[in-house]
Amino acid sequence: MRIATYNINGTNARLPRLLEWLAEYKPDIACLQEIKIQTENFPVETLNAAGYHCLVHGQKGFNGVAILSREPATETQRGLPGDDLDDHSRYLEAEVAGVRVASIYLPNGNPQPGPKFDYKLAWFDRLAVHAATLLDRAQPVILAGDYNVVPHDDDIWSPIALAGDALMQPESRAAYRRLLWAGWTDAVRSIHPNGRIWTFWDYQAGAWHQDHGFRIDHLLLSPLAADRLVDAGVDKAVRGEEKASDHAPTWITLRS
DNA sequence: ATGACAATCAGAGATTGA
């Protein structure tokens, strides 16, 4: 089974690229972020015709997550629990083909310090609480998404250039590390322990052509999921297409 | 560098992103 996470940076702007990617790489489950569209406007019929069921947690203008799947999915959580005042669409979770999967769009947190960074850390705390309830399920669990965290200096082209960024702060990294300590496995780092692997290249300053990227899209696996992990990687070529998202799809394969 | 680049909402330029 192939499970991918892909921050598409706008559904309407990216639909042709999304359809091409689905047709070529054929993920069984695709967790999307930054769909930037209201739930009722998501192109469900088009994706159904492409062979995918859709669960959508949209929002006008920004944010928004979705789960596409070849098999029908049952929604298990819409929105991250823990703050009734948080109206951002950043979390969607479902049961699909015998696994539990979440599509996560963690807050960026810039500029830091400030209220947006506080929101990011608070959101991370809420994620840790909810993730703990999923960790000991008797089925594989995959938390896939844009975590907006560069876990280690080896996960960015230049730690110096981005030293002040919210993605790099010790508090952000500690929050991510807490998930690993709790028992979650960083799938890409597990398969590629030493590589410099990017999932994001900024639109600015020729970042793509100079390979100035970060690794911020992650798939975290529960122990039962990690036991089935076969391979992991990034569909880097997708980032080089015309009108591409600034993120590339990141994926795992699990043995069934 | 109050930057660059891109998407969205709106219908110009601000906001958001990373």
Which residues in residues 120-128 of chain A have at least one heavy atom lying under 4.0 Å from any atom of DNA chain B?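 Those residues whose heavy atoms fall under 4.0 Å from DNA chain B, taken from residues 120-128 of chain A, amount to none.
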
Just checking, any donor-acceptor pair under 3.5 angstrom between side chains of [X] and [Y]?
X: A:Tyr203; Y: A:Asn9; value: yes
X: A:Thr199; Y: A:Asp217; value: yes
X: A:Thr76; Y: A:Glu93; value: yes
X: A:Glu34; Y: A:Asn7; value: yes
X: A:Gln139; Y: A:Glu95; value: yes

So, do A:Trp21 and A:Tyr6 have ring centers that fall under 6.0 Å from each other?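 Between A:Trp21 and A:Tyr6, the centre distance is under 6.0 Å.
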
Report yes or no: is there a donor-acceptor pair, N or O only, under 3.5 Å between the side chain of A:Asn108 and the base of B:dA18?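 It does, because a donor-acceptor pair links the side chain of A:Asn108 to the base of B:dA18 below 3.5 Å.
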
Is it true that [X] and [Y] make a salt bridge, defined as a side-chain N closer than 4.0 Å to a carboxylate O?
X: A:Asp231; Y: A:Arg255; value: no
X: A:Arg215; Y: A:Asp153; value: no
X: A:Arg196; Y: A:Asp211; value: no

[N] to [M] separation - [atom1] atoms, rounded to the nearest Å:
N: B:dA4; M: B:dA10; atom1: P; value: 23 Å
N: B:dG11; M: B:dA1; atom1: P; value: 35 Å
N: B:dA7; M: B:dA12; atom1: C1'; value: 16 Å
N: B:dA18; M: B:dG13; atom1: P; value: 26 Å

For a 4.5 angstrom cut-off between non-hydrogen side-chain atoms, does A:His218 reach A:Arg189?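 No; the side chains remain at least 4.5 Å from each other.
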
Give [X] one of three labels, base, sugar-phosphate or nothing, depending on what nucleic acid heavy atoms sit under 4.0 Å from its own.
X: A:Asp146; value: sugar-phosphate
X: A:Tyr105; value: sugar-phosphate
X: A:Asn148; value: sugar-phosphate
X: A:His247; value: sugar-phosphate

Row check, A:Tyr91 ring normal vs A:Arg78 NZ/CZ: under 6.0 Å, within 45°: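 Verdict for A:Tyr91: no cation-pi partner in A:Arg78.
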
Show the distances under 3.5 angstrom between N or O atoms of the protein and N or O atoms of nucleotides 8-16 of chain B.
{"unit_1": "B:dC9", "atom_1": "OP1", "unit_2": "A:Gly61", "atom_2": "N", "d": "3.4"}

Are any of A:Asn110's side-chain N or O atoms less than 4.0 Å away from OP1 or OP2 of B:dA18?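 No.
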
Verdict with reasoning, A:His88 to A:Phe62, per ring-ring contact (aromatic ring centres under 6.0 Å, His included): CA-CA 9 Å; A:His88 287 198; A:Phe62 66 124; 5.5 Å; yes

Each nucleotide N or O in nucleotides 1-5 of chain B that has a protein N or O under 3.5 Å away: list the pair and distance.
{"unit_1": "B:dA4", "atom_1": "N9", "unit_2": "A:Gln204", "atom_2": "OE1", "d": "3.1"}
{"unit_1": "B:dA4", "atom_1": "N7", "unit_2": "A:Gln204", "atom_2": "OE1", "d": "2.7"}

Tell me the interatomic distance from A:Glu34, atom CD, to B:dA7, atom C1', rounded to whole angstroms.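 Checked: the CD to C1' distance equals 9 Å.
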
How many whole angstroms separate atom CZ of A:Arg17 from atom P of B:dA6?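 Atom CZ in A:Arg17 sits about 14 Å away from atom P in B:dA6.
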
